[in-house]
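In the text below, chain A, chain B and the rest are named by the order of the sequence lines, each starting its count at 1.
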Amino acid sequence: MDQQKSPKSFKRYTVTSALPYANGPVHIGHLAGVYVPADIYARYLRARGRDVIFIGGSDEHGVPITIKARKEGVTPQDVVDKYHYMIMESFEKFGISFDVYSRTSADIHHSTASDFFRKLYENGKLAEKESEQFFDEANNQFLADRYITGTCPHCSYEKAYGDQCENCGTSLSPNDLINPKSVLSGNKPIMKKTKHWYLPLQDYEPMLRQWILEGHKHDWKTNVYGQCKSWIDQGLQPRAVTRDLDWGVKVPVEGADGKVLYVWFDAPIGYISATREWSQETGKDWEPYWKSDDSKLVHFIGKDNIVFHCIIFPSMLHAEGSYILPENVPANEFLNLEGDKISTSRNWAVWLHEYLEEFPDMQDVLRYALCAAAPEAKDNDFTWKDFQARNNNELLAIYGNFVNRTLVLTHKYFDGKVPARSELSDYDKKTIDQMEKYPEIIAKSLETYRFREALSELMNLARLGNKYLTDNEPWKLFKTDPERVATILNINLQICGALAVLSEPFLPFTSRKLLEMLSLEMVSWDNGAKPEILKAGHIINQPALLFSKIEDEQIQFQIEKLQQTREVNQNEESIDVNPLKEDISYEDFARMDLRIATITTAEKVAKTKKLLKLTLDSGVDTRTVVSGIAECFTPEEVIGKQVVLLANLRPKVIKGIESYGMILMAEGQDKKLTFLHPGAVIKNGSIIS
RNA sequence: GGCGGGGUAGCUCAGGUGGUUAGAGCGUCGGAUUCAUAACCCGAAGGUCACGAGUUCAACUCUCGUCCCCGCUACCA
């Protein structure tokens, strides 16, 4: 739609796909949400002869990678190397047609990101907070704003946060707080000198309002637009660009040892670095793709990335000054797997590299299934049964079958030579007419990022062919009217040719196979459905089956494989335990006053999801405790329970309620909480030691 | 709790600015057919458009409220 509404006509296209995080392989969720649509879009643009660069790469910085490395006893570089190559290889085998697939640990990225930062820095676009920051000595770390509480200078509320006062809603900075405390240790944090740089997002609010809320009200997807509006209306805050970490892009400023760029800052710059890498390899100029007004920049991402690509990265680009902003960010929702959320850590996924091995030469089947079920407007569920049905009932039955019956008939009646058309009936003309409309029909859907609709239109082209063939029944006419049969098959062959061309963005492997069967060279999109694609007299090759039936056993195997994952996950409760904490002395332990107590009343705390306000009979007194268990227990089922109480924990105000102590709970798998009971009923106030 | 998105046939989804019998694909059932990987083609059944109220001559489409799912966010001593 933006294509039609925009007065601009674009000379070139810059298509980016979210950089996969290099701490695990790629799975179907990534593919359905990002890479399949992005690849279809890029291939379509190329087919139209547009100048397009399609960018991908691995995101290799950030804390999770360092944690994984430590856990496995290897370096962060080892971790990212492993997954980078694995991801890159599986993308290539799957037919994701990147013009460049780079990585953020590459030198060119470090220098690009570094330069980007330095330019903002030198032009005064970054707020430098060189002042002292709160530091928790007990935990040996600097405290983020949210980890500091204190008294609000405006309303005197005692439990205001470092970034905002919950009571009066005022935005704060930690320095505003009177009597600050560390949330981590409860200690008073010391001031320690550190230097960090911030991107003042609030400065770009007018720009963002105009650009998104006014300029893209109608051409951006509602989920994307709504999310952006929500962020902007909530008020934007300065966002730290740097942090204290040793894995990432070094901050290129004197006195910034031990600091790197925040991963959210360096990752999107990776798109630019990758383009520069491509430039070096091809000798082409990269800058027009990023800096020329007649370039159309499109980011394909999942919904978790909306804020970065619609708010933060555009602010960075705008601050830098020489870059264009994205024309659209068609973010998708999430794909679930057999009813459950896909999870890398829980191994609940269909991994691309495994699929490629278990379903060799069936890339297009997955591409088809994922595109047809892409979570464009809401989360969607991938099931193996659906996958099987998509292949057997649609790809094979409609598309494959149509091609096969046409080619078989052509060989049977005309020895594989394309017969000439003679006089055309109204039905013939109508059919040719409809066929010729498909490049435009499909294009219209693709230009507006409606990939499911586009794919379904492609199938309608095959349906058109099937219906035409069935209605005309050439197998009944051959003996009496071979000339008529020639015309019918000629038209059918043209439809096969159109399918070969128009399928390419969606089903590139099938497209190639079909072209080969037809002994045809690829033609441009606009000429893709002309009735002269196959000239009379042209010899076609022997047909082979484009798709094979997927049997129940194969599906059953996959379902059982997932079932095993489910079981493993349940058993892993005992395996995946947290490491032991540091030793403490008996005295440390003895300082805790643990007692048996009984819950006498319970009610939900208003405006919270997790909190219950409990009254306890502790044997020595009656006290109020606020506990975060409301997601696991209703107030009713909790009353009367005997529990373990940490009785001498320093009181704390939670959501305006004074809480004296804490109920001890054990947390099981999937965050389910359970109470600790005494083995027998025992009097309240009994000491635990 | 706040904000955003979504709740339409068994399944997956379409349904600009409200207007005749609410659409498609798949599945199901029936018919027809044999060129084709029991596929294709035709037809049918199937929906109180989450629920309640309101605005209107008229609401799936607008307003308000409620419930459920997803995400962001707050909260979990």
Are Ser425(A) and Asp428(A) close enough that a side-chain donor and a side-chain acceptor fall under 3.5 Å? yes
Of the listed nucleotides rA36(B), rC13(B), rU34(B), the one nearest the side chain of Arg452(A): rC13(B)
Taking every heavy atom of Gln237(A) against every heavy atom of Gln202(A), the minimum-distance pair comes out as C-OE1, 3.7 Å
Please give, in whole Å, the distance from rU34(B) P to Asp471(A) CG? 14 Å
Asn332(A) has an atom CG; how far is it from atom P of rU12(B), in whole Å? 17 Å
Between Ala349(A) and Leu562(A), what is the shortest heavy-atom contact and its length? O-CD2, 4.1 Å
Distance only, no hydrogens: is a donor on one side chain within 3.5 Å (strictly under) of an acceptor on the other, for Asn328(A) and Lys221(A)? no
Nucleotide nearest Lys655(A) (side chain, heavy atoms from C-beta), chosen from rU34(B), rC26(B), rC75(B): rC75(B)
Please tabulate, one pair per line, each protein N/O and nucleotide N/O from nucleotides 2-6 of chain B that are separated by under 3.5 Å, including the distance.
| residue | atom | partner | partner atom | Å |
| --- | --- | --- | --- | --- |
| rC3(B) | O2' | Ser230(A) | OG | 2.4 |
| rG4(B) | O2' | Gln227(A) | N | 3.3 |

Whole angstroms only, please: what is the OH-P distance between Tyr368(A) and rG25(B)? 12 Å
Length of the line joining Leu409(A):CG and rC35(B):P, which is rounded to integer Å: 9 Å
Interatomic distance, Asp381(A) CG vs rC69(B) C1' [rounded to whole Å]: 13 Å
Base, sugar-phosphate or nothing for Glu394(A)? Non-hydrogen atoms, less than 4.0 Å. sugar-phosphate
Within a reach of under 6.0 Å around NZ of Lys229(A), are more than 12 heavy atoms found that belong to other residues, nucleotides or ligands? no
Between Asn466(A) and Arg463(A), is there a side-chain donor-acceptor contact under 3.5 Å, judged purely by atom types and distance? no
Using whole Å, report how far CD1 of Ile398(A) lies from P of rC26(B). 5 Å
For Asp588(A), is the CG atom crowded, meaning more than 12 foreign heavy atoms sit under 6.0 Å from it? yes
Under 4.0 angstrom, heavy atoms only, what part of the nucleic acid is Gly661(A) near: base, sugar-phosphate, or nothing? sugar-phosphate
Using the P atom on both, measure rG15(B) against rU61(B) and round to a whole Å. 15 Å
Can you tell me which nucleotide in rC41(B), rG27(B), rG71(B) comes closest to the side chain of Asn393(A)? rG27(B)
Could you give the distance separating rU56(B) and rU63(B) at their C1' atoms, to the nearest angstrom? 12 Å
Using Watson-Crick pairs (N1 to N3, plus N6-O4 or O6-N4) and G-U wobble pairs, both distances under 3.5 Å, which stems of at least 3 pairs involve RNA chain B? B:1-7 with B:67-73, B:10-13 with B:23-26, B:28-31 with B:41-44, B:50-54 with B:62-66
Answer with yes or no whether the side chains of Asn490(A) and Gln494(A) bring together a donor and an acceptor at under 3.5 Å. yes
Could you check whether Ala373(A) gets within reach of a base, just the sugar-phosphate, or nothing at all, counting any heavy atom under 4.0 Å? nothing
If we count only N and O atoms by modelled type, under 3.5 Å, do the side chains of Tyr427(A) and Asn472(A) hold a donor and an acceptor together? no
With C1' as the reference atom in both, quote the distance from rU12(B) to rG7(B) in angstrom, rounded to an integer. 14 Å
Does one side chain, of Tyr660(A) or Ser618(A), offer a donor that lies under 3.5 Å from an acceptor on the other? no
Among rC41(B), rC75(B), rG71(B), which nucleotide sits nearest the side chain of Lys467(A)? rC41(B)
Consider the side chain of Lys610(A), meaning its heavy atoms from C-beta on, and name the nucleotide among rC41(B), rC75(B), rC35(B) that approaches it most closely. rC75(B)
Tell me whether the NZ or CZ atom of Lys303(A) lies within the 45° cone about the ring axis of Phe334(A) and under 6.0 Å from its centre. yes
Quantified in whole Å, what is the C1' atom distance between nucleotide rA22(B) and nucleotide rG2(B)? 35 Å
Applying a 4.0 Å non-hydrogen cut-off, can you work out what Leu611(A) is touching in the nucleic acid: base, sugar-phosphate, or nothing? sugar-phosphate
Could you check how far CD1 of Ile663(A) sits from P of rC76(B), rounded to whole Å? 15 Å
Taking atom C1' in both rU55(B) and rC68(B), compute the distance separating them and give it to the nearest angstrom. 26 Å
Provide the distance between the two P atoms, one in rU37(B) and one in rG19(B), to the nearest whole Å. 48 Å
Aromatic ring pairing His30(A)/His27(A), orientation class (parallel under 30°, perpendicular over 60°, tilted between): parallel
Ranking Thr406(A) and Asp304(A) by the position along RNA chain B of their nearest nucleotide, the one closer to 5' is Thr406(A)
So what does Val307(A) touch, heavy atoms closer than 4.0 Å: a base, only the sugar-phosphate, or nothing? nothing
Base, sugar-phosphate or nothing for Phe547(A)? Non-hydrogen atoms, less than 4.0 Å. base
Nearest-nucleotide pick for Arg463(A), side chain only, options being rG25(B), rC35(B), rA39(B): rG25(B)
Short side-chain donor-acceptor distance under 3.5 Å, Thr487(A) and Glu483(A): no
Do the side-chain N or O atoms of Arg390(A) get closer than 4.0 angstrom to the phosphate oxygens (OP1, OP2) of rC11(B)? no
So Lys385(A), base contact, sugar-phosphate only, or nothing? Heavy-atom distance under 4.0 Å. nothing
Of the candidates rG71(B), rC70(B), rC35(B), the side chain of Asp379(A) sits closest to rC70(B)
On a whole-Å scale, what distance lies between the C1' atoms belonging to rA44(B) and rC51(B)? 31 Å
Considering just the side-chain nitrogens and oxygens of Asn380(A), establish if one lies under 4.0 Å of OP1 or OP2 belonging to rC13(B). yes
Atom NZ of Lys444(A) to atom P of rG16(B): distance rounded to whole Å? 13 Å
How is Leu546(A) classified with respect to the nucleic acid when contacts are heavy atoms under 4.0 Å: base, sugar-phosphate, or nothing? base
Which part of the nucleic acid does Ser627(A) contact within heavy-atom distance under 4.0 Å: base, sugar-phosphate only, or nothing? sugar-phosphate
Roughly how many Å apart are rC40(B) and rC26(B), using the C1' atom of each and rounding to a whole number? 15 Å
Looking for any heavy atom pair under 4.0 Å, which part of the strands does Leu646(A) touch: base, sugar-phosphate only, or nothing? nothing
